[in-house]
There are 2 protein chains.
Amino acid sequence: MTRKVGRIRDVASETGLSIATISRVMNGAKNVNPDTRKRVLDACKKLDYLPNPAARALSTSKSKTIAAIIPTIEHSVFAKYVAAIENTLAENGYSLVLAISKSDLEVELTAARKLLGMGAEAFILSGATHSSDLFDLFDRRGVPYVFTSVWDKDSTVPTIGYDNRSLAKQAVDYLKTKGHRSIAVLHGPAQESDRTLARIEGAKASGEDGLRLDFYETTLDVAGGKAAIHQALAISEDYTAALCFSDVLALGALFGLGEAGKSIPDDVSVMGFDNLDWSEAVVPPLTTINLPARQMGSTVASQLMDLLETGAPLMPTELTGKILERQSVVTLK
Amino acid sequence: MTRKVGRIRDVASETGLSIATISRVMNGAKNVNPDTRKRVLDACKKLDYLPNPAARALSTSKSKTIAAIIPTIEHSVFAKYVAAIENTLAENGYSLVLAISKSDLEVELTAARKLLGMGAEAFILSGATHSSDLFDLFDRRGVPYVFTSVWDKDSTVPTIGYDNRSLAKQAVDYLKTKGHRSIAVLHGPAQESDRTLARIEGAKASGEDGLRLDFYETTLDVAGGKAAIHQALAISEDYTAALCFSDVLALGALFGLGEAGKSIPDDVSVMGFDNLDWSEAVVPPLTTINLPARQMGSTVASQLMDLLETGAPLMPTELTGKILERQSVVTLK
DNA sequence: CTGTTAGCGCATTCAG
DNA sequence: CTGAATGCGCTAACAG
């Protein structure tokens, strides 16, 4: 394991130039003679030289690293989102370091400390609920951070995301417009996610006399959706629609309903949330709410890089979700 | 943005000790008086001191960072795997930097260069097909790397994964045992993945007279599975089984078959690959091959950390996949 | 356009 | 058990 990497001074002596000039070339400074530049570049290639990131970071106090802490990566909506962040950062020479919090505030705090100690210059957090120690940690060091997947115009911390409350309300309103008056709402663990909480609240806000809205909490996976719909059916056969706060749950509901001999959407309508990539391929194609996960990822990444490079302040931005009408919801006469 | 982070010398002057002692405490050296240690720790807390990672990396030439380059994160099997890597690394104070190659060798090479330039000390690669420049890059610097998701006992580069060829062969053998003689094999883009190629080869190896095995290539998503099964049905109505080289494809096949009025498994059996978390919740529960994605992630991570810490050589290790019999495959009389 | 010089913050000899 | 001194590799003024 002869770790023989070329150093800047090797390139300097190889070319007979000074290390300052090498540094200029490596950093794309314009005040370098084209010939000199070429000579340096050739020597770099020959010596297989790559600037030492630690030395560079130490000297500039910039690591070009941004951290994202997400509750889970095993839900496609996060995967899409993380992929978008990574893409955007990579295009600009930044790197993504990732930590998974399992929706646990303590785990998140520990991870943040570690990532800071790794040189992360900015943090992307999910949701708006975090340990106050976490904020202290960031604030004391002047490390910027953003909340994503949520939109709250009154938040002191910039949010970049969608309005979960409003979206859920729109979903219920939509179902009401379609004539549904008895709806089972399926959702994941509420105490693990303020997004879920906001959606529940939004749904309730659409309540009115003559509207029956029952909530079923379950695990956030297909099996959970299936179990929850069975449970709902056991409580009442009158539901004409199941509103699922994730497409994953909706897929489970589809299967559960099938097992119960219900046909979709004729017996029961099913509506999802997320617009995962398979939701259109499902039978019947799932009516759902498209969440701009990809756009959210690239927006967050760009803004953070801008802030780091130019000091441009973070712009809270609301991304709009949109109901995608497909075939899993029917109009009741 | 007053970036006022405490430095080691602040802690030193706060405690009246030398920076060497602070350093010792921060690195858990044992030759420090317990009282002194406590005094230092208190000061660290008070000053919110965290060692500067760049300085530390520069001084030790260790970044405690490991890179993984994966083709995509939007397929659950990778998500599970990445989560396992991250968990294992995090438990040991290491960080994961992630890059997504989109199955493009050039993108991969560029990403590797960037990650090296970020201080990654070891690389986790997917599959065995990579640019030779990539190997040069690593070899010249003595940076260790592993191939994952594949097992090849003859590979010069250590592999940690499962034998895709053998697993696919076992799948076909299994279907033959169940009496199937006409099988549609659905798979993703073959030129993008040597794992897919190996599976195709394995399936073919199980061929024999009287066995009809047709291959359908499609996109690696639910819509792809659906389209492919429709295509297969258009070519022949005689298939008694669909072997899908990913559960994602199998889910699509399930829906496609449903649309075509076929019932599963009575009219057509469906077999998957991966054992994604929803595959048991599907109706009917999917017979599939369990791939030890999680175990693979933690094994790779542990081995690489060991190598970095103690120099322990990488141990090529074969992880075993296993057929999970559920209800989507029926025995033909 | 190019060279010289001084740190960046820490780990690590070597003394004591 | 603790302190003083050196250098890790690079960038950023400042000269020239």
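Lettering of chains follows the sequences in order, A, B, ..., and the numbering in each one begins at 1.
- Look at CD1 on B:Ile8: it is 11 Å from P on C:dT12, rounded to the nearest Å.
- We find that NZ of B:Lys62 is positioned 13 Å from C1' of D:dC8, with the value rounded to whole Å.
- Between A:Ser23 and D:dT11, a side-chain N or O to OP1/OP2 separation shorter than 4.0 Å is present.
- Contact record, A:Gly28 with A:Arg37: CA-NH1, 4.3 Å, taken as the closest heavy-atom pair.
- Looking only at side-chain heavy atoms (C-beta outward), A:Leu116 and A:Phe123 come within less than 4.5 Å of each other.
- The distance from atom CZ of A:Arg9 to atom C1' of C:dT4 is 15 Å, rounded to the nearest whole Å.
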With 3.5 Å as the limit, what N/O pairs link the protein to nucleotides 1-3 of chain D?
from	atom 1	to	atom 2	distance (Å)
D:dT2	OP1	B:Thr36	OG1	2.3
D:dT2	OP2	B:Asn33	N	2.9
D:dG3	OP2	B:Ser18	N	2.9
D:dG3	OP2	B:Ser18	OG	3.2
D:dG3	OP2	B:Thr21	OG1	2.8
D:dG3	O6	B:Arg24	NH2	2.4

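- For B:His130 and B:Tyr145, the gap between ring centers reaches or exceeds 6.0 Å.
- In terms of polar N and O atoms assigned as donor or acceptor, the side chain of A:Ser59 never comes within less than 3.5 Å of the base of D:dG9 in a complementary pairing.
- Distance, A:Asp10 CG to D:dC8 P: 11 Å, rounded to whole Å.
- For the side chain to side chain donor-acceptor pair (under 3.5 Å) with B:Asp42, the qualifying choice from B:Lys46, B:Lys38, B:Arg39 is B:Lys38, the only one to do so.
- A donor-acceptor pair is defined here as one N or O able to donate and one able to accept, closer than 3.5 Å; such a pair exists between the side chain of A:Glu121 and the backbone of A:Lys64.
- Distance, A:Lys38 NZ to C:dC1 P: 18 Å, rounded to whole Å.
- Non-hydrogen atoms lying under 4.0 Å from DNA chain C are contributed by nothing in residues 43-51 of chain A.
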| side-chain hydrogen bond (donor to acceptor under 3.5 Å, both in side chains) between B:Thr148 and B:Tyr81, worked out | CA-CA 10 Å; B:Thr148 64; B:Tyr81 164 59; 2.7 Å; yes
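- What separates CG of A:Asn27 from P of D:dC10 is a distance of 10 Å, to the nearest Å.
- Between A:Val32 and A:Thr36, the shortest heavy-atom contact is CG1-CB, 4.2 Å.
- In this structure, CG of A:Leu58 is placed 9 Å from C1' of D:dC8, rounded to the nearest angstrom.
- A:Leu96 is listed as a side-chain neighbour of A:Val82, based on a closest heavy-atom distance under 4.5 Å.
- Shortest non-hydrogen contact noted between B:Pro71 and B:Phe78 is CG-CZ, 3.6 Å.
- Counting to the nearest Å, the C1' atom of C:dC8 and the CZ atom of B:Arg7 are 10 Å from each other.
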